[in-house]
Amino acid sequence: MIFVIFFEDLPISKGAVRELKRSGLLLFSAFAGMTLALAACSSSSPEDATNTYIEHWKNGEYKDMYAMLTNEAKENVDEETFITKHERIFSDLIAEFSVDPSFPDDYDGEGIESIPISISMETIAGPYSFEEGMEWVQAAEEENEWYLEWEPRLLFPQLEGDDVVRLDRTPGMRGDLYDVHGQALATNGEVLEMGVQPSLLEGQDDAVSILANELGLTEDYIEEQLSQGWVTPEAFVPLKQLPASENRLADSITEQVTAASYRRLNGRVYPFGEAAAHLTGYTGPITAEELEKRSSEGYSSSSKIGLAGLELVLEDRLRAKDGIEIYTASADGERKETIIESESEDGEDIHLTIDMDVQEAIFNEFAGKSGTSVALDPLTGETLALVSSPAYDPNLAALGFSSEERKKIEENEEMPLLNRFSASFSPGSTMKALTAAFGLEAGTLVPEETMEVSGHDWQPDDASGWGDYHIHRVTDPGGPVDLEGALMYSDNIYFAMEALKLGEEKLIEHAEAVGFGETLDYLYPLKKSQITGEDGFRSEPELAYSGSGQGQVLVNPVHLATMYTAFSNEGAMIQPVLEQSEQTGVVWKDHLSPETAAIIDDALGKVVSEKRGTAHAMEIDGYPLAAKTGTAELSGSQGESNDDVLGWVVAYNQDDPEMLVAFMQEGARSGEVVPKVKAVFEATR
């Protein structure tokens, strides 16, 4: 006997269908009213349906996935909820995932198939995988239509019914930056958050104006904050965060505006402020673009990330990793079951070789003027100071500049946001010590031989291609000049002649041997120095003037200081280091001979000790300094103007070389820089 059963307006469950199959009663080819969807893509087999569904899943096509569900599944979850569940999980919690089905060799052909799948996920709490089954039901009306009996367990096996997936974070602590004495340069501290209670603003018409003026905000910005949808009359509406050191300002504001108050929050602080701003940099909220790139690394939309300086360079070491728990909760918020969790990890504390006594002494000498300075221990290579001036307050930067503050900084012609110690500049006459060293090594320069040129201007006898261009020197010694005198007087003509003797090929060869054109292996990224442009020297005059650090010669300040360490180490250039854990005293380049180094060292000592020396004003009794001064001319004025000049001094103690300082100030001649460098040595000796 054959039974033909019709189901009218009667939902059929997966279990009921299986029971009918087992009992032999499901022997019909079609039945009206079975609650199966009919609007999906044609899938001739469970394998096709599975592959199509997984492809939609992989592409985030959740609407198309929903269309492949049975009507019974749709009764349990509406389209909006289905899409939202998937979006929140696969956008916020999961960086990558794969779904691997296992298909049987054949199907039983009875209208229901269970396809085992393995799901592997890389969640923000770590890897997670599980196995489940996809239950496919064949549409009775059309043999090649299959629909998924979807259940929440396909997202996570712990999910049931109306459960939701929740996330808890346990913050880790970002690592600190310390100087050589253990003083914190960047650390976790306390900040103040100013805000207002809207209900208390009534009756004080000038309150918004006072708040805008005191906090550096616009009145429109404050009104926007007060008009946000979540704001209630009794709410605390945050307006701006301030460094903890601004407590007097915060108290003053609360006295003027009764609706204002502040609360103390954890935040990133920079105890030395502007003095180390470009070194430390600052942190800030992660951008949407950066979050997309780092979504698999545990960052969230509320994360802080290094945005400048060492905070940016060392982000992967300094950053903390939050402890994360992904768990299920009932629709009313009751916690149910943990899916996966990870423990928080604090960031690494990093100890630098920076000596903040030296750093501050140098920074203060700039007095807000534009320039940069590097201090190294010439024997060990330890970096004692990295200064860029003018600077900004990293405490304010980390809290977020107001629009007015940022406008003021960006319109400042001195460019306080520019990091000068990582850039490169025309070195001027500080290059002459190196040109002399190259000549000694090449045999084109003999220290005792003299050059005699009268007057301040010179060009070769065979000056083809020179036109009206002449090499200009500031001081006419009135007689023959040897190497020692040329360095003391800083004679441009002497070193122009030497550059021409060396020639283009040898000058480039020796420059490259001391690191020109090479990336310095250094914790902080630095621009490469160059001896000439990509096309070489454009003319003979340019080659000549390159011997005095002009033309297309550009030098990074750290590299310049590093090259000068050779004169304290018998010709060996010492690798500069910035972190205490790095090996010190390592030779980076060993191009110059001890004899060459001794000759240059002796001459540089006389630049200070001899009254005729350009750095004689730097002389300190009982503290023998060697130095080279330089004024780089950027405008081609060759000494006539103070506009567009860079004043340089590189100096070190000859007898006890514990510190070498390279100091450059923009818009100043070297004579203005000499007393500043002297003051640094006096303050730190």
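- Looking only at distances, a side-chain donor or acceptor of Thr383 sits under 3.5 Å from a matching main-chain atom of Val577.
- With Asn556 contributing its side chain and Ser529 its backbone, the two residues share no donor-acceptor pair below 3.5 Å.
- No donor-acceptor contact under 3.5 angstrom links the side chains of Lys432 and Thr435, judged on distance only.
- Considering all non-hydrogen atoms of both residues, Ala320 and Gly172 come closest at CB-C, 3.3 Å.
- A distance of 7.5 Å separates CD1 in Ile362 from OG1 in Thr684, rounded to the nearest 0.5 Å.
- Note: Phe366 and Phe663 have parallel aromatic rings, judged against thresholds of 30 and 60 degrees for the angle between ring planes.
- For the residue pair Thr380 and Thr584, no side-chain donor N or O sits within less than 3.5 Å of a side-chain acceptor on the partner.
- Atom CZ in Arg166 sits 12.0 Å away from atom CG in Leu93 (nearest 0.5 Å).
- Here the CG atom belonging to Leu487 is positioned 6.0 Å from the CG atom belonging to Leu604, to the nearest 0.5 angstrom.
- Checked by atom type, the side-chain pair Glu579/Ser581 shows a donor-acceptor distance below 3.5 Å.
- The pair Arg294-Glu297 meets the salt-bridge criterion, with a side-chain N (NZ, NE, NH1 or NH2) lying under 4.0 Å from an Asp/Glu carboxylate O.
- A salt bridge is defined here as a Lys NZ or Arg NE, NH1 or NH2 lying under 4.0 Å from an Asp or Glu carboxylate O, and Glu315 with Arg174 meets this definition.
- A salt bridge does not link Lys408 with Glu405: every distance from a Lys NZ or Arg NE/NH1/NH2 to an Asp or Glu carboxylate oxygen is 4.0 Å or more.
- Counting only N and O atoms by type, the side chains of Tyr178 and Asp176 include a donor and acceptor under 3.5 Å apart.
- Atom CG of residue Leu554 and atom CG of residue Leu560 lie 12.0 Å apart, to the nearest 0.5 angstrom.
- Under 4.0 Å is where a charged nitrogen must lie from a carboxylate oxygen, and between Lys589 and Glu518 at least one such pair does.
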Start with the C-alpha gap between His278 and Tyr392, add the side-chain angles, then the distance that decides, and say whether ring pair (Phe, Tyr, Trp, His ring centres under 6.0 Å) holds. CA-CA 8 Å; His278 295 91; Tyr392 57 90; 5.2 Å; yes

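- Taking the six-membered ring where the residue is Trp, the centroids of His510 and Phe516 are separated by 6.0 Å or more.
- Between the side chains of Ser490 and Lys628, at least one donor N or O lies within less than 3.5 Å of an accepting N or O.
- Ser344 and Thr170 make their closest contact through CB-O, 3.3 Å (heavy atoms, listed as atom of the first residue, atom of the second, distance).
- Side-chain atoms of Tyr564 and Asp601 include no donor-acceptor pair closer than 3.5 Å.
- Side-chain atoms of Asp251 and Tyr262 include a donor-acceptor pair closer than 3.5 Å.
- Rounded to the nearest 0.5 angstrom, Ser245 OG and Asp393 CG are separated by 7.5 Å.
- Salt bridge Glu345/Arg319: absent, no basic N to carboxylate O contact under 4.0 Å.
- Of the N and O atoms on the side chains of Gln552 and Gln530, not one donor lies less than 3.5 Å from an acceptor on the other residue.
- No hydrogens or angles considered: a donor-acceptor pair under 3.5 Å links the side chains of Glu311 and Tyr270.
- Here the closest heavy-atom approach between residue Glu348 and residue Leu318 is recorded as O-CD2, 3.5 Å.
- The main-chain N or O of Thr565 is found under 3.5 Å from a side-chain atom of Asn569 such that the two form a donor-acceptor pair.
- In terms of modelled atom types and a separation under 3.5 Å, the side chain of Glu214 and the main chain of Leu211 share no donor-acceptor contact.
- Listed here is the closest heavy atom pair of Glu190 and Val269: O-CG1, 3.8 Å.
- Here the two rings, on Tyr524 and Phe421, have centers that are under 6.0 Å apart.
- Look at Glu666 and Arg420 and you find a salt bridge, because one of the NZ, NE, NH1 or NH2 atoms lies within 4.0 Å of a carboxylate O, short of that distance.
- For Thr123 (side chain) and Ala125 (main-chain N/O), a donor-acceptor pair under 3.5 Å exists by modelled atom type.
- The nearest pair of heavy atoms linking Gly368 to Ser389 is C-OG, 3.9 Å.
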